[in-house]
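Only this structure's heavy atoms are used, side chains among them; waters, hydrogens and symmetry mates stay out.
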Amino acid sequence: MAAKGIQRVIGQFISIIFHPLFIPGYITAFLLYLHPFSFAGETDWYKTIKLLSILISTAFFPAFTVLLLKMLGFAKSITLDSQMDRIIPIIASMIYYFWIFYVSKNQPDNPPELVEMLCAVFISSIIALTANNFIKISLHTMAMGVLAAFFVFMAWGSMIPMALPLAAAFLVAGLVGTARFMASDHSVQEIVWGYIGGIVSMVIAAWVV
């Protein structure tokens, strides 16, 4: 029992660090501060504002919506344990994701990789809402599918070495899937479909954008 308790704590910790709401911010931070060409020549102030704008739309607004729903009694828990609790937050997030995607798409200084990622996040919310009618699909692994597919596309078309970021993305994706299996009531099927949904979202986004 003690071992299972420790595993659950570790799983919850990993799930929080790599929560789906943080993944667009992590990818944006990579493009801003680690990729040598995506935002080359931009000032630190510009990069900070860019990152904040992404985080506000993809993390703060969705999280605030969930908290508000919990306070008003429309959600039983902020962890959205039931499929019913997920419906309004996913719809609200879909609106926030579309807005930041639309704004970023119309800003000529944004690299296509950023626009594709934001488009994939928006598409993943559509897939999540649709899938939620049938199964309690893992939103964590859906975000990991987007993450892994994003770096696969980056490595495929990049003129710089991307082996290390790609390996890190796959490692994180694997860790999160394992964490959700340890710390949640998700079935293996729900976790696997999450990965598939995220990958499909990124493929569609790359094709559309």
Measure the OG-CG distance between S104 and D109 for me, rounded to the nearest 0.5 Å. 9.0 Å

On the 0 to 90° scale, with breaks at 30° and 60°, tag the Y46-F39 ring pair as parallel, tilted or perpendicular. tilted

Check whether any side-chain heavy atom of L147 lies under 4.5 Å from a side-chain heavy atom of F18, and answer yes or no. no

Kindly indicate whether the side chain of L31, heavy atoms from C-beta on, has any atom under 4.5 Å from the side chain of F150. yes

Taking H140 for its side chain and S15 for its backbone only, find out whether a donor-acceptor pair lies under 3.5 Å. yes

side-chain hydrogen bond (donor to acceptor under 3.5 Å, both in side chains) involving N110 - partner list, sequence neighbours excluded: K50, Q107

Indicate, with yes or no, if I27 and L34 share a hydrophobic cluster defined by side-chain heavy-atom contacts under 4.5 Å among Ile, Leu, Val, Met, Phe, Trp and Tyr. yes

So, do I23 and V121 sit near enough that their side-chain heavy atoms are less than 4.5 Å apart? no

Taking the side chain as everything from C-beta on, heavy atoms only, tell me whether M117 gets closer than 4.5 Å to T28. yes

Exactly one of L139, V192, I191 should register a side chain to side chain contact (heavy atoms under 4.5 Å, CB included) with H186. Which one does? I191

With sequence neighbours excluded, tell me which residues meet side chain to side chain contact (heavy atoms under 4.5 Å, CB included) with A131. I137

Sequence neighbours excluded - side-chain hydrogen bond (donor to acceptor under 3.5 Å, both in side chains) pairs with any residue from residues 74-85: S77-T79, T79-D81, S82-D85

Please list, chain by chain and in numerical order, all residues satisfying side chain to side chain contact (heavy atoms under 4.5 Å, CB included) with L72, sequence neighbours excluded. L68, F74

Once side chain to side chain contact (heavy atoms under 4.5 Å, CB included) is applied, do any residues pair with L21, and if so which ones, sequence neighbours excluded? H19, A59, P62, A63, Y97

The side chain to side chain contact (heavy atoms under 4.5 Å, CB included) partners of F13 (sequence neighbours excluded) come to I17

May I ask you to test the M154-F30 pair for a side-chain heavy-atom distance under 4.5 Å? yes

Residue pairs meeting ring pair (Phe, Tyr, Trp, His ring centres under 6.0 Å), one or both in residues 112-134, sequence neighbours left out, come to F98-F122

Residue pairs passing the salt bridge (charged side-chain N to carboxylate O under 4.0 Å, His left out) test where at least one lies in residues 123-148, sequence neighbours excluded: K136-D185

Ring-plane angle category for H35 and F37, please: parallel below 30°, perpendicular beyond 60°, tilted otherwise. perpendicular

If you group Ile, Leu, Val, Met, Phe, Trp and Tyr whenever their side-chain heavy atoms sit less than 4.5 Å apart, what else falls in with I49? W45

Table please: side-chain donor-acceptor pairs of residues 201-208 below 3.5 Å, with sequence neighbours left out.
from: S201; atom 1: OG; to: S124; atom 2: N; distance (Å): 3.4
from: S201; atom 1: OG; to: G197; atom 2: O; distance (Å): 2.7

For N132, enumerate each residue passing the side-chain hydrogen bond (donor to acceptor under 3.5 Å, both in side chains) test, keeping only those at least two apart in sequence or located in another chain. none

Within the distance-only criterion (no hydrogens, no angle test), does the side chain of K70 pair as donor or acceptor with the backbone N or O of I78 below 3.5 angstrom? no

With side-chain hydrogen bond (donor to acceptor under 3.5 Å, both in side chains) as the rule and sequence neighbours excluded, what pairs involving residues 58-68 come up? T65-Y96

Is any side-chain heavy atom of V146 closer than 4.5 Å to one of P24? no

